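Structure, as structure tokens:
Within every chain, numbering begins at 1; the chains are lettered A, B, ... in the order of the sequence lines, protein sequences first and strands thereafter. Given the structure is predicted, the values throughout are model-derived calculations rather than measurements.
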Number of protein chains: 2
Amino acid sequence: MFMPEVKNSAVSSSYKNKEAILLAVDCIIFGFDHEGLKLLIFKREFEPLAGHWSLIGSFVNKNEDVEDAAYKVLKETTGLESLFVEQLHAFGRINRDKGDRVVSIAYWSLIKLNEENRNLNVANHEAHWVDFKEVPELILDHNEMVAMALTTLRERARFRPIGFELLPDKFTLPQLLNLYEAIYQTKFDDRNFRRKILKTGLLIKLNEKDKSTSKRGALLYKFDYQQYDKLSKDGYLFEL
Amino acid sequence: MFMPEVKNSAVSSSYKNKEAILLAVDCIIFGFDHEGLKLLIFKREFEPLAGHWSLIGSFVNKNEDVEDAAYKVLKETTGLESLFVEQLHAFGRINRDKGDRVVSIAYWSLIKLNEENRNLNVANHEAHWVDFKEVPELILDHNEMVAMALTTLRERARFRPIGFELLPDKFTLPQLLNLYEAIYQTKFDDRNFRRKILKTGLLIKLNEKDKSTSKRGALLYKFDYQQYDKLSKDGYLFEL
DNA sequence: CCAAAAGTGTTTTAATTACACCCATGA
DNA sequence: TCATGGGTGTAATTAAAACACTTTTGG
């Protein structure tokens, strides 16, 4: 019979003599506009690897929640208080950071681009939006983080109404279609797409048109968060 | 225009003067047998909260990968080298652990019960399998971890063939059906279930019967991992 | 008046659901 | 021989996929 070793075991038996480790958060920030899906990257400001492209991050202080550390970075970087944020994964390989042993907990977020945060690269030359298909080499394991975030974004977008987190509050159906086509890098039939998304009953049709992309103009819609929350409690599963 | 504060910012600018934090892993271990889906819990061996029910865990050493720390705990606890393991979530609230500031990275795993690990509670009185619907109060935020693991298990089981990780290599369709019914706590129509799972072409029918639960005996099947891996590379998505 | 994007319906095909009886066997 | 769990098929409904033309309007 299997008999676990209890002494000298991996399983901890007190807090004594434990080695503390540096803890960081890194943020994968996605944005979307008429040019497509984008990722926000930064020029690293300190050695090693100063000047290289990087995700934005921060060390976690001993007296702050890990999640708060991520929110703080996101608020400072994007100027937004309210955005979609979700923990992605903890990256814990011994040598992932050449500077010291650092375990990084990555968060991914979706932001609604506006005049202010769209031009971050002007206001702060260290920040830059790049096409998510053309992400340059990033430091450490940050490219791995981005790849995982993209996979997770695709998984989530299918079963949760998170696409709306990347669009303005008022959006058109062609915009929404473009977004999904960008996320999945494929074309969808617009008639089937419209039918499916409207059948959910979660889009509120407004009496306004967006004429910025055509002479005819496209009807604007809002996502009905209230109704979605209500349905979710009854087990409703959004699916696209 | 939005102008990020660059000085005194949350965003880190060096490794100097950063506070290290204790890092732990905790493991949510699921098993399945004729009695249903079970969770492996332990009696905590050290203060504070010694003697209370807990998940099994370990501190992470400065010179080991986080993932390796989890594997080590799982191997020591279950006696198994090869099992399904996936990172669940990093739990990082400041006061989650009364003993000290500890950030815990939780892993969930699925094990195939056998004669040895089924009787862990005999060999090691500190370990105990409990029905997943009747998990007692656990220390710290461990109940939260279990709840999240269960949600994740349900999400994953729908789109990945992970149910087989909880069954013996050779299993019957009634066993498989019972497993899914246990995971989702609902009844499925057995004819529809059989049709769907067999239509994937991923089950290899063996010329053996399991007569342990009926006089007639039920046909044994194996999951075709090779074929699944091959199809996965071509973008095949398992769905149940 | 025309270029360019927005918007609309139908048919075919495939998947899902609902449902009830016969089979094999050891005790 | 019978109780027990194992195994099978079909019809109805619903969802998905494929496909092309009309509408609106500013320039």
- Message: If I take atom NZ in residue B:Lys209 and atom P in nucleotide D:dG5, what distance separates them, rounded to the nearest angstrom?
- Response: 16 Å

- In whole angstroms, how far is the P atom of C:dA5 from the CG atom of A:Leu177? 14 Å

- On a plain distance test, is the side chain of B:Arg216 in donor-acceptor contact with the base of D:dT8 below 3.5 Å? no

- Task: Please tell me which of the listed nucleotides, C:dG9, C:dG7, D:dG7, lies nearest to the side chain of A:Arg194?
- Result: C:dG7

- Task: Describe the nucleic acid contact of B:Leu219 in one word from base, sugar-phosphate, nothing, applying a heavy-atom distance below 4.0 Å.
- Result: sugar-phosphate

- Message: Please pick, from C:dG26, D:dG27, C:dA6, the nucleotide with the shortest atom-to-atom distance to any side-chain atom of A:Ser214.
- Response: C:dA6

- What integer distance in Å separates A:Arg195:CZ from C:dT10:C1'? 9 Å

- Query: Given the rule in the side chain to side chain donor-acceptor pair (under 3.5 Å) test, do B:Thr172 and B:Asp210 qualify, once you have shown the distances and angles that lead to the verdict?
  - Reply: CA-CA 7 Å; B:Thr172 68; B:Asp210 171 5; 5.1 Å; no

- Ignoring hydrogens and angles, does a donor from either the side chain of A:Arg191 or the base of C:dT11 sit under 3.5 Å from an acceptor on the other? no

- Query: Checking only heavy atoms, does the side chain of A:Asn192 share a donor-acceptor pair with the base of D:dA18 at less than 3.5 Å?
  - Reply: yes

- Atom-to-atom span, CG of A:Leu198 to P of C:dT8 - whole angstrom: 8 Å

- Note on the structure: Taken to the nearest whole Å, CZ/B:Phe188 to C1'/C:dT17 is 13 Å

- Message: Whole angstroms only, please: what is the NZ-P distance between B:Lys215 and D:dC2?
- Response: 13 Å

- Query: Rounded to the Å, how far apart are A:Asp190 CG and D:dA20 P?
  - Reply: 13 Å

